[in-house]
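The block underneath contains the structure these notes are about, expressed in structure tokens.
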Number of protein chains: 2
Amino acid sequence: MVTIKDVARIAGVSIATVSRTLAEPEKVSEKTREKVMKAVEQCGYVTNTLARNFRRRRSNTVVVLVPDISNLFFANIIQGIEGVAHQNQYRILLGDTQQIPERERAYADLVSQRQADGVICLGRNIPFTYRKGRKTLDPDWPPFAMACEYHGEIPVPTVCIDNIGASQEAVQHLLDLGHTRIAFINGPADSPLCDDRLQGYRRAMKRAKAPLNSSWLTSGDFTLASGYACTQDLLALSQRPTALFCANDEMAIGAMQACRDAGLSLPGDMSIIGFDDIAFAAYTHPRLSTVHQPRNRIGEQVMQLMLKMLKEGGAGETRLVLPHALVLRESTAPPG
Amino acid sequence: MVTIKDVARIAGVSIATVSRTLAEPEKVSEKTREKVMKAVEQCGYVTNTLARNFRRRRSNTVVVLVPDISNLFFANIIQGIEGVAHQNQYRILLGDTQQIPERERAYADLVSQRQADGVICLGRNIPFTYRKGRKTLDPDWPPFAMACEYHGEIPVPTVCIDNIGASQEAVQHLLDLGHTRIAFINGPADSPLCDDRLQGYRRAMKRAKAPLNSSWLTSGDFTLASGYACTQDLLALSQRPTALFCANDEMAIGAMQACRDAGLSLPGDMSIIGFDDIAFAAYTHPRLSTVHQPRNRIGEQVMQLMLKMLKEGGAGETRLVLPHALVLRESTAPPG
DNA sequence: CTGTTAGCGCTTTCAT
DNA sequence: ATGAAAGCGCTAACAG
């Protein structure tokens, strides 16, 4: 293996000079720089980043915890994160946690082991141990930020959208079309984000004086299959809803299938609106109306936030709320 | 920061003993082990993996190069890779290359920098420089394997399916239904995998003595939009096909939409068959017939292969061909 | 079974 | 502007 020593020997300078030339070229005379660069080329030297990171006590790597990479929603967020990371010489260590606390912990531990400098979490669990009821950030935690999700009590720096507002708008759209029997297929109940979407739903229904029927409140796990199953339950009700608001597009697409299988025509017999605006939403039949989230930007912004924390330590009580947009396509119509 | 020295001091042993206790507990007396473990707990010591990796000259990290993580097909493969990696104390550094050579190179370089021990490539490009026309593995390359894709000339260790056979079966299914005017929406022409799928298509058509019309051969880039666009072109032809074979499910779903927009009924006016069997394929209208690939297993196997190379160096001319399966759903029918 | 010791390759004072 | 030297925290001979 070619090391900095070899380069120094060939160039006839000290290893310190080689190191400087590579890291801070402006601090070295032009003549020396040339000599060194020639030597580097000649022997094919590549900096051993492992040694550098070890010495510098940081890894230029950020762990990104994803609940499930086979959930399309996260892909664009990751691309956003990765783009900014790449521009800033940072690497992304992707952890697909499947919401398993042990795996979340394992990845977060990479920071204590100096394999990573910070943690970005796209799921709803904080991957560090903390006393239940804690309401402040623990100064012992490494640089840590969340995207999409947020914590109910601890003010973790976060990039997200206004889930209450977005949800309310989606339901309002259904109400505006004349629906009042509107069911909601939400995500897991223990998620603050889903809490907010539920609140938005409630708020819209209440404001419109539409009946709130608890059997119209179901929750799935964001998969196609769970959307299908929840819809089957909803269709079996004696008081059938005429419209469905789903907390993500996958469940909405599952819901569509369940309706078709039950012989309903869409959107005539059932209006359906989703959330996220994944690419597939524009390719369903009928095309799915949904709430658009700026996924790429969410990723970019949370990585920027992380970089800031890495440089300056702490980011205060940042909560960056990015704009969403209702995208109306073909899956909603006035009640038959 | 708590280091191995602190633990040694508290436990009253040498740092070597601490290191041993943590790495090879069986080589240490039980009494010492207890002392050390207690000291570790007491001061909250965590091994600095960066220092360890530096000393051991390996990182226990494998780079996975993905052409596009927002392409669903890759997600399950990555999950397979990650699962096996995790079990073996390996980390995955995910590189979303967008097929940009510069980015592929940048990620592959992590190996020369000792940030990673090997490279798994899910795309079709070899991320190392090599003379055009080379037909053998370069011994200077780090442990390197491909999944799904493979190289036309260089015998890179690979895990894949029989693309010629799978493609042939898909087209044969269309032929069996009575179609002869079968168009093919393939992926990018410079991909060996797509070459094989084209060959399978040709073989099936030839064997059935069906007409081979070059205007029925199109290629997209595996996205929904490209499937849509290719289909529009196909529908504008005076000699319209009655069936469509698409090289992935996304393009097939795009094709479905284009057909519907053109007023065709599915599968009556147009049979469509896809490739991959992503989750969405079972939730289209009509449900998409397709070729199933064992994505999780592909990922698991390629990581196993990588582990083997990492341990033993070199894997010979391995090409592991996993079984595929035709999944018939509702999107294919006899020609109207 | 345990301790001593010599680095791994690099960055970073501190002199010069 | 450059060099000498001191480690970063850990592992792995080697000796005892």
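Residue numbers begin at 1 in each chain, while the letters A, B, ... track the order of the sequences. It should be emphasised that the depicted structure is a prediction, and the values quoted were computed from it without experimental measurement.
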Steps toward salt bridge (Lys or Arg N to Asp or Glu O under 4.0 Å) verdict (A:E82, B:R103): CA-CA 11 Å; A:E82 215 224 9; B:R103 300 201 90 188; 3.6 Å; yes
CD (A:E26) with more than 12 external heavy atoms under 6.0 Å: yes
Short side-chain N/O contact from A:S19 to OP1 or OP2 of C:dT11, under 4.0 Å: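 So the side chain of A:S19 is within the cut-off, an N or O lying under 4.0 Å from OP1 or OP2 of C:dT11.
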Phosphate contact (D:dC8 OP1 or OP2) by A:R57 side-chain N/O below 4.0 Å: no
I want to verify a distance call: between [options], whose nearest atom is closest to the [X] side chain?
X     : options               : value
B:R55 : D:dT11, D:dG3, C:dG9  : D:dT11
B:S14 : D:dT2, C:dT4, C:dC10  : C:dT4
B:M1  : D:dG9, D:dT11, C:dC10 : D:dG9
B:S29 : C:dC10, D:dC10, C:dC1 : C:dC1

Whole-Å distance separating the [atom1] atom of [X] from the [atom2] atom of [N]:
X      : N      : atom1 : atom2 : value
B:L50  : C:dC10 : CG    : P     : 14 Å
A:L22  : C:dT12 : CG    : C1'   : 15 Å
A:K31  : D:dT2  : NZ    : C1'   : 13 Å
A:Q113 : D:dC10 : CD    : P     : 11 Å
A:I15  : C:dC8  : CD1   : P     : 11 Å
B:E24  : C:dC1  : CD    : P     : 11 Å
B:N48  : D:dG7  : CG    : P     : 18 Å
A:R56  : C:dT13 : CZ    : C1'   : 15 Å

Aromatic contact, A:F73 with A:F222 (centres under 6.0 Å): no
Centroid under 5.5 Å and tilt under 30°, B:F54 to C:dC8: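 Stacking is present between C:dC8 and B:F54, given that their ring centres fall under 5.5 Å apart and the planes under 30°.
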Side chain proximity check, A:L93 to A:V64, heavy atoms < 4.5 angstrom: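 Contact flag for A:L93/A:V64 side chains = no.
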Test item: A:I69 and A:I78 side chains (from C-beta on) under 4.5 Å apart, heavy atoms: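 Yes, side chains in contact.
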Sugar-phosphate only, base, or nothing, as touched by A:T3 at under 4.0 Å among non-hydrogen atoms: sugar-phosphate
Donor/acceptor link under 3.5 angstrom from B:R20 side chain onto base of C:dG3: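 Side chain to base: pair found, below 3.5 Å.
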5′-ward residue of the pair A:T17/A:K5 relative to DNA chain C: A:K5
